[in-house]
Amino acid sequence: MTMRELTTRRAAALVALALLAACQPTPEAPPYAAQVTLQDAMNHIIDPEADVIWHATGTIATKEGVIENYPRTDEDWEAQRRAALRLLEASNMLLIPDRKVTDTPFASAGPGVYSSAEVQRQIDSNRATFNALALNLRDASQQLLKASDRRDVESLMKLGDHLDHACEGCHKTFWYPAEKFPPLPARPPSP
Ligand code: HEC
């Protein structure tokens, strides 16, 4: 084989390699699908876990007097940890694009409160803000997870407020922007 033939062969090999590289599939978005509506995520995934956190601390009035309520047993702390973990992952759910607000459209609940169609429009046109507010939930959940690992009652109480602000921050932007006294979310009566 002459020098010239060798160079030609090398060039051909390089071209073949380049073609091969060009034919490699480009990385695609992971095939997740947001099939749970935002409303279901709120009512059945996020809200119940936030309640676990909020109900864990505070004072309870009883006939015998006021009792300080806080996690005491291993199971109590495990429940806090579980709730924090679930909220943490739920904050990622909120970041998945193209989630429908609801399957059962609802009207505005009053002045300054969006209908489901308006909520959807707001989210679709202000996605970056929505994501930033979801990250507040992630931040609060991360801190709650650490506090439950440290079994730190004082932080747990403070972080309960932090969590509340993370919820309200998004609700005030995307749900009831002009309402002064937001309606309490509908809950089934306690057993
Ligand atoms: C990034 C935005 C965002 C965050 C964070 C967020 N929410 Fe929501 N949430 C919404 C929007 C938008 C609605 C109104 C549309 C709807 O009802 O689904 C809503 C509605 C709700 C509802 C009413 C659902 C219904 O029946 O219509 C509840 C309950 C709720 N959120 C609880 C919470 C709690 C508790 C937290 C915090 C732990 C939280 N949310 C954090 C965006 C958010």
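Quick note: numbers below take in every heavy atom, side chains included, and nothing from hydrogens, waters or symmetry partners. By convention here, the first residue in the shown sequence is residue 1. For ligands, and for the atoms within them, numbers begin at 1 and follow the listed sequence. Here the structure is a predicted model, which is why all the values come from computation and not from measurement.
- Note: no N/O pair closer than 3.5 Å links Trp175 and ligand 1 by distance alone.
- Glu89 places a side-chain heavy atom less than 4.5 Å from the side chain of Asn92.
- In terms of the salt bridge (charged side-chain N to carboxylate O under 4.0 Å, His left out) criterion, residue partners of Glu154 (sequence neighbours excluded) are, by chain and number, Lys158.
- Residue contacts with ligand 1 do not include Thr102, since none of its heavy atoms lies under 4.0 Å from the ligand.
- Taking any N or O of Gln39, backbone or side chain, at least one lies under 3.5 Å from an N or O belonging to ligand 1.
- Of the N and O atoms on the side chains of Gln80 and Asp76, not one donor lies less than 3.5 Å from an acceptor on the other residue.
- Nearest-residue assignment for atom 17 (O) of ligand 1 (options Phe130, Phe106, Tyr176; heavy-atom criterion): Phe106.
- The Ala50 neighbourhood of ligand 1 comprises atoms 35 (C), 38 (C), with distances under 4.0 Å to a heavy atom of that residue.
- The residue Ser91 has no part lying near ligand 1, judged by heavy-atom distances below 4.0 Å.
- Counting all heavy atoms, side chain and backbone alike, Tyr114 lies closest to Phe174 at CD1-O, 3.4 Å.
- At a 4.0 Å heavy-atom cut-off, ligand 1 touches Cys167 through backbone and side chain alike.
- Of all atoms in ligand 1, numbered sequentially from 1 with element shown, those under 4.0 Å from a heavy atom of Ala166 are 5 (C).
- By the 4.5 Å heavy-atom criterion applied to side chains, Arg99 and Val36 are counted as neighbours.
- Residue Leu159 is grouped with residue Trp54 when hydrophobic side chains (ILVMFWY) are merged at heavy-atom distances under 4.5 angstrom, including chains of intermediate members.
- His171 contributes atom NE2 as its closest N/O/S atom to atom 8 (Fe) of ligand 1.
- Nearest-residue assignment for atom 11 (C) of ligand 1 (options Leu38, Leu163, Asp164, Thr37; heavy-atom criterion): Leu38.
- For the salt bridge (Lys or Arg N to Asp or Glu O under 4.0 Å) condition, no pair includes a residue of residues 106-135, sequence neighbours left out.
- Every atom of ligand 1 is numbered from 1 in the order shown, and the set under 4.0 Å from a heavy atom of Val119 is 12 (C).
- The residue among Ala132, Pro48, Cys170 with a heavy atom at the shortest distance from atom 1 (C) of ligand 1 is Cys170.
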